[in-house]
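Computation of the quantities below employed the complete heavy-atom set of this structure, encompassing side-chain atoms and omitting hydrogens, waters and symmetry-equivalent molecules.
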Amino acid sequence: MSEALQLKNATEREKMKSETVIYLSGKITNQANYKELFEEARKDAEDKFPEAAIINPAEISLPEICDWDDYMHICLHLLDKANIIYMLDNWLESKGARKEYITAFQKGLKVYFQTYSRRIENE
């Protein structure tokens with residue numbers, strides 16, 4: 001097999017792997033255990049879609065001068081890269097997650113909902 005054909009096949013395999021991009025959406029503000037909840041959601045999404053790229057907004061850290069609007073601006077930009085949105089159980093309690101859901105719905109993204117509940121610890 002020629003080097004060019006090998007490169008083309010490798011590129012196509014990488015493209016196929018990255019075709020599924022999942023954005024996790026749920027409550028972060030005033031959610032004491034949000035990192036744990038998002039980590040569990042990430043694992044669940046990876047189990048369902050092992051080749052998918054996962055966008056986890058709980059991993060975003062901005063300087064203290066940034067506010068909620070700054071985070072939402074970045075999150076909505078990242079959501080544009082996804083073709084699936086995965087809604088955590090607590091998403092209805094979050095203004096940002098509701099905005100992400102509406103945006104995803106308007107863009108025609110597939111929507112998956114977390115299918116189990118656990119104890120949610122609010123601050």
Side-chain angles (χ1 to χ4, degrees):
M1 187 181 303
S2 76
E3 190 175 325
L5 186 55
Q6 288 176 337
L7 181 59
K8 181 181 177 192
N9 288 342
T11 303
E12 287 176 8
R13 280 194 303 274
E14 285 304 310
K15 183 181 176 192
M16 287 175 60
K17 284 182 182 180
S18 64
E19 284 182 353
T20 301
V21 180
I22 301 171
Y23 181 91
L24 304 178
S25 181
K27 184 177 179 183
I28 292 178
T29 303
N30 297 324
Q31 181 70 55
N33 61 336
Y34 75 91
K35 287 186 179 185
E36 174 188 322
L37 297 174
F38 273 79
E39 180 61 18
E40 289 175 12
R42 183 191 60 75
K43 288 177 184 175
D44 186 44
E46 284 179 344
D47 287 346
K48 288 181 175 72
F49 302 94
E51 298 296 325
I54 309 289
I55 299 171
N56 184 349
E59 295 175 346
I60 298 171
S61 179
L62 297 177
E64 288 185 24
I65 62 168
C66 296
D67 61 13
W68 183 88
D69 290 323
D70 295 318
Y71 275 93
M72 283 309 302
H73 177 78
I74 290 168
C75 288
L76 291 174
H77 182 70
L78 290 170
L79 180 58
D80 281 340
K81 307 220 177 272
N83 49 24
I84 295 174
I85 189 168
Y86 180 105
M87 308 304 298
L88 279 72
D89 280 344
N90 62 6
W91 76 274
L92 285 171
E93 300 170 25
S94 167
K95 180 173 81 169
R98 291 191 308 266
K99 185 173 188 163
E100 291 166 346
Y101 173 80
I102 291 167
T103 301
F105 182 80
Q106 291 170 337
K107 292 179 179 277
L109 273 63
K110 291 180 184 177
V111 179
Y112 286 85
F113 295 93
Q114 200 170 38
T115 57
Y116 52 93
S117 295
R118 66 187 45 77
R119 184 170 171 249
I120 306 294
E121 296 175 12
N122 292 321
E123 289 183 334

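The SG atom of C75 sits 6.0 Å away from the CD1 atom of I28 when rounded to the nearest 0.5 Å. Once rounded to the nearest 0.5 Å, the distance linking NZ of K107 with CD1 of I102 reads 13.5 Å. Atom NE2 of H73 sits about 12.0 Å away from atom CG of D67, to the nearest 0.5 Å. Once rounded to the nearest 0.5 Å, the distance linking CZ of R98 with OG1 of T103 reads 12.5 Å. The distance from the NZ atom of K48 to the OG1 atom of T20 is 14.0 Å, given to the nearest 0.5 Å. With values rounded to the nearest 0.5 angstrom, K99 atom NZ is found 5.5 Å from M72 atom CE.
Using a cutoff of 4.0 Å between basic side-chain nitrogens and carboxylate oxygens, R42 and E46 are scored as salt-bridged.
Between N90 and G26 the shortest heavy-atom distance is OD1-CA, 3.5 Å. Closest heavy-atom contact between E100 and S25: OE1-OG, 2.5 Å. The two residues S94 and A97 come nearest to each other via the heavy atoms OG-N, 3.0 Å.
Between T29 and W68, the closest side-chain pair of non-hydrogen atoms falls below 4.5 Å. Counting only heavy atoms from C-beta outward, the side chains of Y71 and P57 never approach each other to under 4.5 Å.
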task: Check the pair L109, L79 against side chain to side chain contact (heavy atoms under 4.5 Å, CB included), reporting the backbone distance first and the verdict last.
output: CA-CA 10 Å; L109 273 63; L79 180 58; 3.9 Å; yes
Full working for side chain to side chain contact (heavy atoms under 4.5 Å, CB included) between K43 and E39: CA-CA 6 Å; K43 288 177 184 175; E39 180 61 18; 3.3 Å; yes
- prompt: What's the verdict on side chain to side chain contact (heavy atoms under 4.5 Å, CB included) for L62 and I60, showing C-alpha distance, side-chain angles and the deciding distance?
  reply: CA-CA 7 Å; L62 297 177; I60 298 171; 4.1 Å; yes
task: Using the side chain to side chain contact (heavy atoms under 4.5 Å, CB included) rule, take L92 and K27 through it: C-alpha gap first, then chi angles, then the decisive distance, then the call.
output: CA-CA 8 Å; L92 285 171; K27 184 177 179 183; over 6 Å; no
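The only option from I85, I54, I84, I55 that meets the side chain to side chain contact (heavy atoms under 4.5 Å, CB included) definition with L24 turns out to be I54.
Below 30°, between 30° and 60°, or above 60°: for W91 and Y101 the angle between ring planes is between 30° and 60°, a tilted geometry.
In this structure, a donor-acceptor pair under 3.5 Å is present between the side chains of Y86 and D44.
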